[in-house]
Protein chains: 2
Amino acid sequence: MTEHNSCGHEAASNVEMRHSCIATVPIFNHLTAEEMNEIVKTTNSVSYAKGETIYHAGEPSIGLQIVHKGRLKIYRLSETGKEQLVRILGPGDFTGELSLFSESVNDAYAEALEPVEICAMNRETLQQFLLKYPAISLKMLTEFTSRLLKSEQQSASIAMETVETRIAMYLADQTEEQSTQLITLPMTRKDLASHLGTTPETVSRKLAEFEDAGWIEQERRRKIRVLDLDALLVA
Amino acid sequence: MTEHNSCGHEAASNVEMRHSCIATVPIFNHLTAEEMNEIVKTTNSVSYAKGETIYHAGEPSIGLQIVHKGRLKIYRLSETGKEQLVRILGPGDFTGELSLFSESVNDAYAEALEPVEICAMNRETLQQFLLKYPAISLKMLTEFTSRLLKSEQQSASIAMETVETRIAMYLADQTEEQSTQLITLPMTRKDLASHLGTTPETVSRKLAEFEDAGWIEQERRRKIRVLDLDALLVA
DNA sequence: TTAAAACCTTGACGCGCATCAAGATTCAAT
DNA sequence: ATTGAATCTTGATGCGCGTCAAGGTTTTAA
């Protein structure tokens with residue numbers, strides 16, 4: 001909840017940073033060097049300390065924000081103060097898009113999990129580039145369809161599966177994504193619980209059950225060795 | 001689960017139908033008559049009887065499908081056979097987009113709620129038009145951000161709110177959307193329950209409670225008169 | 001018009017999981 | 001390294017809501 005720290009003054013390194021940021025983002029990385037320079041000029045860079053709020057639900061959106069360094073979480077709050085973690089962003093990911101096409105206020109919160117550097121571009125500028133370089137739109141459409149798919153699966157999973165199944169499915173997903181048996185949870189149990197629509201206590205208990213059953217081994221806090229994926233998914 | 005009934009033979013009326021379909025769809029309706037004709041030529045029309053399955057999860061996607069007449073529902077099935085209604089489409093809405101950008105299989109089911117007429121366009125053709133007419137992409141991006149927003153709100157609501165709150169919020173949404181006190185539920189209690197992540201029994205009970213409290217009146221099956229919106233939302 | 005099928009309602013019951021609480025472990029900052 | 005704060009674990013308890021069941025109502029199709 002502290003103020004954000006704009007750092008748009010150290011000219012040279014700053015332009016360099018913004019360039020390397022744009023160059024690595026999937027929605028822009030097909031452009032020529034010249035086209036990219038044109039885009040880089042329209043961006044600003046901002047950095048945030050760990051724990052800082054990047055944006056609030058209810059305030060007008062700043063525009064498109066591309067993560068250059070660090071990780072941040074997007075979450076929602078219910079009226080009773082419960083939190084749901086929507087997604088975690090890392091370098092190359094972007095946010096702020098919802099208000100890009102429907103001039104509105106943020107509907108979620110963004111908070112830095114680590115020191116974060118961001119490139120920002122306003123709504124009008126992005127729309128201009130979308131019309132000028134149609135391929136960017138296609139890349140964004142691809143990104144959005146993938147997010148939509150994930151979000152709908154998430155919703156279906158919370159609506160239809162038990163907590164146990166959801167946790168097991170999460171472990172399976174992570175095993176596949178990280179393509180290793182020894183997975184590293186990308187977040188705390190509390191955040192994991194809020195992502196899966198349950199409580200930290202229940203996550204602890206279920207993981208303990210999985211361990212008792214011999215399906216996983218917990219090493220330190222964030223490390224889990226998956227021993228029997230099939231058994232997990234059947235349960 | 002019956003076969004679909006292709007009707008691509010009655011030339012004249014068919015082209016007419018497809019044209020009026022394309023002309024009324026938000027993602028295309030900004031085009032000139034000539035551009036529209038170009039698009040219409042690439043489409044096929046298909047019709048389905050009530051109850052027919054339009055597509056199955058697991059089978060490869062046919063491409064973009066635009067609803068011209070009638071209503072259909074998109075739903076998912078859990079591994080245990082539970083159903084979640086994702087959304088209901090009416091004239092002007094489209095589906096089949098998820099696989100458009102990620103050459104994959106359907107992840108949900110589509111079923112006709114009434115006799116339905118559809119205009120279909122394949123993946124390659126659409127991509128071609130998206131590059132040729134960038135404004136179409138912008139319209140699709142707008143549509144997708146709106147769907148993504150709804151889907152994330154849906155997921156948050158199921159994860160964080162009680163069934164009672166969800167039902168109350170649904171009634172409030174419908175009151176606003178239909179801008180009347182006497183709302184018409186667009187689906188059966190069973191489908192409503194599956195949409196809200198609960199059971200028909202619980203929906204019945206909660207609506208009865210709301211009625212006892214004097215907040216709503218139920219008239220016939222699909223009609224509900226909302227008497228006290230504020231009370232509903234506080235509860 | 002009529003009969004069957006689908007849908008809705010209400011009751012009784014039980015379980016999954018949230019909640020509250022208290023102690024143990026780990027992390028972070030000085 | 002040390003201490004306080006945050007996180008995690010484990011237990012006890014209670015209730016929201018899913019499930020099963022049975023009867024009533026509406027819709028559908030012939």
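A note on names: the letters A, B, ... follow the listed sequences, proteins ahead of strands, and every chain is numbered from 1. For the numbers below, each heavy atom of this structure counts, side chains included, while hydrogens, waters and symmetry mates do not.
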*Asks:* Within this structure, what is the CD1-to-C1' distance between I167(A) and dT9(D), rounded to whole angstrom?
*Replies:*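 Going from CD1 in I167(A) over to C1' in dT9(D) covers 14 Å.
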*Asks:* How many Å lie between CZ on R222(A) and P on dA6(D), as a whole number?
*Replies:*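 It is 16 Å, rounded to the nearest whole Å.
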*Asks:* So, is K50(A) close to the dA28(C) phosphate, meaning a side-chain N or O under 4.0 Å from OP1 or OP2?
*Replies:*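 Yes, within the criterion.
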*Asks:* Please pick, from dC17(D), dA28(C), dT7(D), the nucleotide with the shortest atom-to-atom distance to any side-chain atom of T162(B).
*Replies:*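 For T162(B), the side-chain atoms sit closest to dC17(D).
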*Asks:* If you find the nucleotide of DNA chain D closest to R221(A) and the one closest to T199(B), which residue's nucleotide is nearer the 5' end?
*Replies:*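 Counting from the 5' end, the first nearest nucleotide belongs to R221(A).
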*Asks:* Rounded to whole Å, please give me the gap between NZ in K206(A) and P in dT9(D).
*Replies:*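 Those two atoms, NZ and P, are 15 Å apart.
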*Asks:* How close or far is atom C1' of dT10(D) from atom CD of E211(A), stated in whole angstroms?
*Replies:*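 Atom-to-atom, E211(A) to dT10(D), this comes out as 14 Å.
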*Asks:* Taking 4.0 angstrom as the limit, do R18(A) and E117(A) come out as a salt bridge?
*Replies:*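 Between E117(A) and R18(A) there is no salt bridge, as every charged N stays at least 4.0 Å from the carboxylate O atoms.
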*Asks:* Is the base of dG16(D) touched by the side chain of R205(B) through a donor-acceptor pair closer than 3.5 angstrom?
*Replies:*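 Checked by distance alone, the answer is no.
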*Asks:* To the nearest Å, how far apart are E209(A) CD and dG16(C) P?
*Replies:*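 Answer to the nearest Å: 10 Å.
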*Asks:* Within this structure, what is the CG-to-P distance between L185(B) and dC7(C), rounded to whole angstrom?
*Replies:*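 Rounded to the whole Å, the gap is 15 Å.
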*Asks:* It should be established whether T198(B) places a side-chain nitrogen or oxygen under 4.0 Å from OP1 or OP2 of nucleotide dG18(D).
*Replies:*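 T198(B) to dG18(D) OP1/OP2: side-chain N or O found under 4.0 Å.
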*Asks:* Counting any heavy atom closer than 4.0 Å, what does Q218(B) reach on the DNA or RNA strands: base, sugar-phosphate only, or nothing?
*Replies:*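 Here Q218(B) touches the backbone only, sparing every base.
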*Asks:* For the pair made of CE in M160(B) and P in dA18(C), what is the distance, rounded to whole Å?
*Replies:*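 Rounded to the whole Å, the gap is 14 Å.
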*Asks:* Knowing that exactly one of I167(A), L227(A), V226(A) qualifies, which makes a side-chain contact (heavy atoms from CB on, under 4.5 Å) with L232(A)?
*Replies:*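 The side-chain contact (heavy atoms from CB on, under 4.5 Å) with L232(A) is passed solely by V226(A) among I167(A), L227(A), V226(A).
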*Asks:* Counting any heavy atom closer than 4.0 Å, what does R189(B) reach on the DNA or RNA strands: base, sugar-phosphate only, or nothing?
*Replies:*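 If one applies the 4.0 Å heavy-atom cut-off, R189(B) turns out to touch the sugar-phosphate alone, with no base involved.
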*Asks:* The side chain of S204(B) lies closest to which of these nucleotides: dT10(C), dC17(C), dC8(D)?
*Replies:*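 The listed nucleotide nearest to S204(B)'s side chain is dT10(C).
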*Asks:* Would you kindly give the CG-to-C1' distance between D191(B) and dA6(C), to the nearest whole Å?
*Replies:*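 So the two atoms are 12 Å apart, to the nearest Å.
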*Asks:* Considering only NZ, NE, NH1 and NH2 on the basic side and carboxylate oxygens on the acidic side, decide whether E114(A) and K50(A) come within less than 4.0 Å.
*Replies:*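 No, this pair does not count.
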*Asks:* Return whichever of R220(A) or V163(A) has its heavy-atom-nearest nucleotide of DNA chain C closer to the 5' end.
*Replies:*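 Its nucleotide being nearer the 5' end, the pick is V163(A).
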*Asks:* Quick one: is dC17(D) close enough that its OP1 or OP2 comes under 4.0 Å of any side-chain N or O from T202(B)?
*Replies:*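 Checking dC17(D) against T202(B), no side-chain N or O comes under 4.0 Å of OP1 or OP2.
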*Asks:* Would you call E143(A) and R147(A) a salt bridge, using N to O less than 4.0 angstrom?
*Replies:*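 Salt bridge flag = yes for R147(A) with E143(A).
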*Asks:* Regarding R76(B) and E152(A), does a basic nitrogen lie under 4.0 Å from an acidic carboxylate oxygen?
*Replies:*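 E152(A) and R76(B): salt-bridged.
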